[in-house]
Amino acid sequence: MSLNGSPSAERTHIGFFGCRNAGKSSLVNAVTGQALSIVSEIGGTTTDPVQKAMELKPLGPVVIIDTPGLDDEGSLGDLRVKRAEDTLKRVDVAVLVVDAERGLSGFDEALLDRIREMELPHIIAWNKCDLQGALPPTGVEGVLPPAEVEGILPVSSLTGEGVHAFKEALARVIPEDGGVRLAGDLVENGDVVVLVCPIDESAPKGRLILPQQQVIRDLLDAGVLPVVCRETELAKTFERLSGMPKMVITDSQVFSVVSEIVPDEVPLTSFSILMARYKGFLHAAVEGIAAVDGLKDGDKVLLAEGCTHHRQCGDIGSVKIPRWLKKYTGLDLEIETCSGRDFPEDLSPYSLVIHCGGCMLTDTVIKYRMGTALSQGVPFTNYGIAIARMTGTLERSLRVFPELHAFVVSEDNR
């Protein structure tokens with residue numbers, strides 16, 4: 001990602017799915033105007049999902065993903081199909097590419113059922129419509145149920161027919177962000193907000209971590225005055241300010257240190273908690289944290305990260321949280337970790353899932369993971385909430401969210 005580029009997690013992920021030789025790769029190339037995918041008459045040319053981040057009018061910043069055929073065969077083909085199905089869990093919009101000469105196959109119908117089950121925005125691209133004898137997308141009994149007819153767009157990746165209309169339709173089905181903010185809605189224009197950003201062995205060399213960058217930008221967009229410092233200079237920062245800041249936002253790892261310095265009347269929360277709200281799972285994280293106090297000896301806890309950074313000796317997910325967790329509970333717990341796109345489908349062995357803030361993952365991925373856990377009866381929380389709980393700062397960190405703060409207070413008083 002360039003300095004001026006949008007983070008991958010902030011881009012709309014559009015996946016192209018369909019059977020072999022339906023023309024997925026050709027349509028991807030026609031839509032993007034680039035040779036992103038290898039095109040061949042030989043079925044199964046695309047063996048792994050191919051993705052490309054780009055700016056695409058009128059869609060804006062997107063990630064285009066071309067997938068292997070859903071009807072691939074053999075043991076290797078099964079693995080390719082599994083890769084394609086896994087891709088479905090991380091896209092915001094699905095495009096089903098159907099060969100107009102063959103019509104809708106059983107594989108296509110199964111994918112459509114899965115897409116509807118996930119309530120995923122989608123379009124059916126009726127490709128190769130320029131060929132003589134191609135089935136029309138409407139008016140053919142048995143080709144598609146009437147409810148699906150309006151979602152079909154005839155296109156030809158060869159001649160370009162219908163491609164512009166297809167791109168316009170994609171722009172219409174892309175989900176709105178709902179105006180969700182990271183922190184700008186919690187303060188007002190002209191307010192001063194102090195951001196505490198530790199620079200330790202796990203900090204990326206020469207830059208701030210992504211949530212810190214995003215919060216700074218969000219505050220600037222809101223006309224707020226962000227003041228950035230390390231925890232070691234926080235007390236001095238307060239001395240230099242002419243008055244109290246409207247809010248302090250800190251890295252979760254130094255929450256307890258920061259809470260000792262920040263006056264009680266100043267709202268205090270963490271980047272991770274704000275990111276959980278931004279990604280849509282803060283309520284679930286707050287409700288799920290109670291499970292920490294119900295753990296027993298031998299219980300398994302899964303720590304899940306969205307990124308795949310090199311783990312340092314003081315890594316937050318694999319070192320610090322497990323250490324805090326065992327100290328807080330006094331139990332002999334079994335800690336397992338996963339990162340990147342790896343996330344278990346079967347969570348039944350775990351008594352709790354503690355997830356990172358999800359800055360490197362799309363909302364779709366986070367919601368899928370949360371839904372997977374909750375549907376299996378496994379509590380789901382996040383790093384910031386867990387750290388605040390274990391350091392005794394959870395109640396204070398949620399005062400900026402009155403409803404959640406009231407929930408935590410009532411739970412603690414039971």
Side-chain angles (χ1 to χ4, degrees), residues 181-188 191-198 209 211-212 215-216 218-219 224 226-239 241 243-279 281-294 316 320-321 323-325 327-329 352 354-357 379-414:
R181 304 290 297 269
L182 268 164
D185 59 325
L186 301 174
V187 287
E188 298 178 357
D191 284 341
V192 174
V193 175
V194 175
L195 309 177
V196 184
C197 303
I209 63 174
Q212 295 167 356
V215 168
I216 291 173
D218 190 48
L219 292 175
V224 173
V227 176
V228 184
C229 67
R230 299 180 298 181
E231 76 282 10
T232 49
E233 284 76 47
L234 179 58
K236 185 180 296 184
T237 300
F238 267 84
E239 292 174 2
L241 292 175
M244 288 293 106
K246 186 70 173 183
M247 180 185 296
V248 175
I249 303 170
T250 180
D251 186 284
S252 298
Q253 300 180 62
V254 293
F255 213 126
S256 56
V257 174
V258 171
S259 65
E260 291 292 325
I261 300 172
V262 177
D264 193 62
E265 65 270 19
V266 177
L268 170 65
T269 192
S270 73
F271 293 104
S272 184
I273 288 174
L274 293 177
M275 186 59 67
R277 183 181 75 130
Y278 184 65
K279 294 294 181 178
F281 72 109
L282 181 56
H283 280 75
V286 171
E287 292 175 358
I289 194 58
V292 168
D293 296 308
I316 182 68
K320 292 182 179 179
I321 292 182
R323 185 171 61 224
W324 285 326
L325 195 57
K327 181 180 179 181
Y328 176 80
T329 63
L352 176 65
I354 305 178
H355 205 287
C356 70
F380 188 90
T381 190
N382 94 314
Y383 282 15
I385 295 294
I387 294 172
R389 182 70 166 193
M390 292 184 290
T391 57
T393 56
L394 181 60
E395 180 269 334
R396 186 177 184 188
S397 69
L398 292 176
R399 288 180 195 170
V400 292
F401 309 114
E403 181 183 342
L404 292 176
H405 177 258
F407 173 81
V408 169
V409 170
S410 65
E411 287 291 302
D412 289 344
N413 289 336
R414 285 186 179 182

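- Note that OH of Tyr383 is 15.0 Å distant from CD1 of Ile273, once rounded to the nearest 0.5 Å.
- Scanning for side-chain contact (heavy atoms from CB on, under 4.5 Å) contacts around Arg399 gives Asp264, Glu395, Arg396, His405, with sequence neighbours left out.
- Across all non-hydrogen atoms, the minimal contact from Ile289 to Val286 is CG2-O, 3.1 Å.
- For the pair Val266/Met247, no side-chain contact is recorded, criterion being any heavy-atom separation below 4.5 Å from C-beta on.
- Take Ala276 and apply the side-chain contact (heavy atoms from CB on, under 4.5 Å) test, not counting sequence neighbours, and it matches Phe281, Leu282, Asn382.
- Residues Val194 and Val228 have side chains not in contact (no heavy-atom distance under 4.5 Å, counting atoms from C-beta outward).
- The stretch residues 284-293 participates, sequence neighbours left out, in these salt bridge (Lys or Arg N to Asp or Glu O under 4.0 Å) pairs: Asp293-Arg389.
- Atom-to-atom distance recorded for Ile387:CD1 and Thr381:OG1 is 10.5 Å, nearest 0.5 angstrom.
- Looking at heavy atoms from C-beta onward, Val248 lies out of side-chain contact with Val193 at the 4.5 angstrom threshold.
- A distance of 7.5 Å separates CD1 in Ile249 from CG in Leu186, rounded to the nearest 0.5 Å.
- In this view, Asp185 and Arg277 satisfy the salt bridge (charged side-chain N to carboxylate O under 4.0 Å, His left out) rule, not counting sequence neighbours.
- Residues Val192 and Lys246 form no side-chain contact, since every pair of their non-hydrogen atoms from C-beta on lies 4.5 Å or further apart.
- Annotation: side chain of Pro211 is not in contact with side chain of Tyr278 (no heavy-atom distance under 4.5 Å).
- Taking the side chain as every heavy atom from C-beta outward, Val215 and Leu195 approach each other to under 4.5 Å.
- Side-chain atoms of Asp251 and Gln212, non-hydrogen and from C-beta on, do get closer than 4.5 Å to each other.
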Legend entry - Intermediate values then yes/no, ring pair (Phe, Tyr, Trp, His ring centres under 6.0 Å), His355 and Phe380: CA-CA 7 Å; His355 205 287; Phe380 188 90; 5.8 Å; yes
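- Residues meeting the side-chain contact (heavy atoms from CB on, under 4.5 Å) test with Thr393, sequence neighbours left out: Phe255, Ser259, Ala388, Thr391.
- In this structure, Leu398 and Thr269 have side chains that are not in contact, with every pair of non-hydrogen atoms separated by 4.5 Å or more.
- Annotation: the span from Ser252 atom OG to Ile385 atom CD1 amounts to 8.5 Å, rounded to 0.5 Å.
- Partners of Pro402 by side-chain contact (heavy atoms from CB on, under 4.5 Å), not counting sequence neighbours: none found.
- A salt bridge between Glu233 and Lys236 is absent, with no side-chain N of the basic residue lying under 4.0 Å from a carboxylate O of the acidic one.
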